[in-house]
Amino acid sequence: MRPFIGITVDSIHEPGEPRTHGKLSLNWNYAQAIADAGGNPLLIPPMADMEAVAKIIDGWLIPGGNDIDAARFGEENHETVKTIDPARYEGEERLYQTLAEDVPVFGICYGCQFLNVARGGTLIQHLPDVVEHEAHAGGTLERYEIDESRLQEAIGQASIEGKSYHHQAVKSLGANLRVVARAGDGIVEAVEATDRPWLIGVQWHPERTLEDPATRRLFESFVNAARRRAESRETLAPR
């Protein structure tokens with residue numbers, strides 16, 4: 001079976017724009033990565049009934065996007081921050097709060113940061129202020145060392161290459177998360193939950209390096225976990 005993988009889409013809500021009231025969007029390669037890994041991508045807009053969505057999907061992919069408003073972790077925004085549409089964050093927050101704990105969740109870039117903030121963590125708002133370089137932005141190809149973890153098991157090796165497009169990253173960890181990968185300068189590049197069977201956030205963009213076998217295995221591991229969860233639900237369903 002091909003499990004249904006919900007993908008929350010980016011949004012620009014402009015109620016004052018008379019023709020469209022805003023725009024919803026998703027980069028093609030996120031959905032393609034899920035389809036290639038054996039899943040059915042299902043796009044989720046922020047105004048969806050998230051309680052109903054949570055009952056339908058077998059896994060949830062949180063794609064990249066702009067910056068989280070620092071007010072959500074008790075800080076003022078850095079001058080470089082470009083905040084994500086509040087409608088998107090609030091929709092994802094509703095879905096996160098209602099989603100069953102055994103549903104696999106995969107956060108990419110903003111998605112990784114969202115998972116950390118949703119669990120009470122904080123972010124470095126502008127990495128050049130900390131590391132004094134901008135190598136994590138602009139699509140830099142970096143190698144990340146992976147600790148023994150669910151992520152390492154998923155990719156089948158102890159390191160992976162990925163393209164970085166971020167100027168923020170995890171600072172203090174949210175509840176029941178652990179760091180499982182860092183860049184060479186110590187910046188957190190991946191986290192995973194200790195209280196859920198499959199919840200991983202990566203700071204790089206694996207959907208942009210699908211030619212890499214380790215990257216493909218990461219998406220396949222996520223989709224396979226969703227498939228196992230869906231099959232177990234079918235087995236337990238009353239006849």
Side-chain angles (χ1 to χ4, degrees), residues 4-35 39-57 59-99 105-129 134 136-139 163-171 174 201-208:
F4 284 101
I5 306 298
I7 309 176
T8 39
V9 302
D10 213 357
S11 63
I12 302 175
H13 187 205
E14 299 176 305
E17 209 293 320
R19 186 173 63 88
T20 66
H21 289 194
K23 183 179 290 185
L24 302 171
S25 64
L26 179 75
N27 290 343
W28 182 282
N29 47 6
Y30 288 111
Q32 190 67 61
I34 293 301
N40 270 316
L42 183 67
L43 275 55
I44 305 170
M47 71 288 288
D49 179 342
M50 295 304 181
E51 288 190 10
V53 167
K55 296 175 182 177
I56 295 170
I57 60 176
W60 177 23
L61 174 64
I62 313 172
N66 286 336
D67 303 321
I68 295 172
D69 187 340
R72 299 191 186 275
F73 49 91
E75 297 181 11
E76 293 186 3
N77 284 319
H78 189 279
E79 61 183 8
T80 61
V81 165
K82 183 178 180 181
T83 56
I84 202 152
D85 182 6
R88 175 178 171 183
Y89 184 94
E90 290 161 10
E92 289 170 329
E93 188 174 48
R94 293 195 307 274
L95 180 54
Y96 180 78
Q97 289 171 350
T98 194
L99 197 68
V105 180
F106 185 18
I108 293 175
C109 198
Y110 157 89
C112 176
Q113 296 166 10
F114 169 86
L115 291 172
N116 189 58
V117 172
R119 286 173 168 245
T122 65
L123 303 177
I124 300 170
Q125 291 196 50
H126 191 55
L127 288 175
D129 291 347
E134 297 186 5
H136 295 295
K163 290 186 176 180
S164 289
Y165 292 84
H166 61 99
H167 80 111
Q168 299 195 332
V170 169
K171 183 165 63 175
V202 300
Q203 190 59 71
W204 68 93
H205 278 266
E207 82 286 359
R208 298 180 186 179

For residues 49-57, which side-chain N or O atoms pair as donor and acceptor with protein atoms under 3.5 Å away, sequence neighbours left out?
residue	atom	partner	partner atom	Å
D49	OD1	E51	N	3.2
D49	OD1	A52	N	3.2

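At a cut-off of 3.5 Å, with distance as the only test, no side-chain donor of H166 or Q168 sits close to an acceptor on the other residue. Side-chain polar atoms of D67 and H78 form no donor-acceptor pair below 3.5 angstrom.
Taken to the nearest 0.5 Å, the OG1 atom of T80 stands 4.5 Å off from the NE2 atom of H167. The line from CG of N66 to SG of C109 is 10.0 Å long, rounded to the nearest 0.5 Å. Expressed to the nearest 0.5 Å, how far CD of E92 lies from CD1 of I62 amounts to 6.0 Å. I44 contributes atom CD1, which lies 10.0 Å from atom CD1 of I5 (distance to the nearest 0.5 angstrom). Here the straight-line distance linking atom OG1 of T8 with atom CG of L61 works out to 7.0 Å at 0.5 Å rounding. Note that CG of L127 is 11.0 Å distant from CD of Q125, once rounded to the nearest 0.5 Å.
Using a 4.0 Å cut-off between a side-chain N of Lys or Arg and a carboxylate O of Asp or Glu, E14 and R19 do not qualify as a salt bridge.
Looking only at distances, no side-chain donor or acceptor of Q32 sits under 3.5 Å from a matching main-chain atom of N27.
Annotation: F4, atom CZ; neighbour count of heavy atoms from other residues, nucleotides and ligands within 6.0 Å does not exceed 12. Heavy atoms of other residues, nucleotides or ligands lying less than 6.0 angstrom from CD of E17 number more than 12.
A pairwise comparison of heavy atoms in P128 and E134 identifies CG-CG, 3.7 Å as the closest pair. Here the shortest heavy-atom pairing between G174 and N116 reads N-OD1, 2.7 Å. Among all heavy-atom pairs drawn from W204 and S164, the shortest one is CB-OG, 4.4 Å. Of all heavy-atom pairs between V9 and P45, the closest is CG2-CA, 3.8 Å. The minimum heavy-atom distance linking G39 with P41 is given by the pair O-CD, 3.4 Å.
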side-chain hydrogen bond (donor to acceptor under 3.5 Å, both in side chains) evaluation trace for D69 with T83: CA-CA 5 Å; D69 187 340; T83 56; 5.8 Å; no

Audit row: R208, Y165, side chain to side chain contact (heavy atoms under 4.5 Å, CB included) steps and yes/no: CA-CA 11 Å; R208 298 180 186 179; Y165 292 84; 3.2 Å; yes

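Of the candidates L24, L95, D10, D85, L24 is the only one forming a side-chain contact (heavy atoms from CB on, under 4.5 Å) with P46.
Scanning for side chain to side chain contact (heavy atoms under 4.5 Å, CB included) contacts around Y96 gives W60, F114, L115, A118, R119, R196, L199, with sequence neighbours left out.
Pairs engaging residues 11-30 under the ring-ring contact (aromatic ring centres under 6.0 Å, His included) rule: none recorded [sequence neighbours left out].
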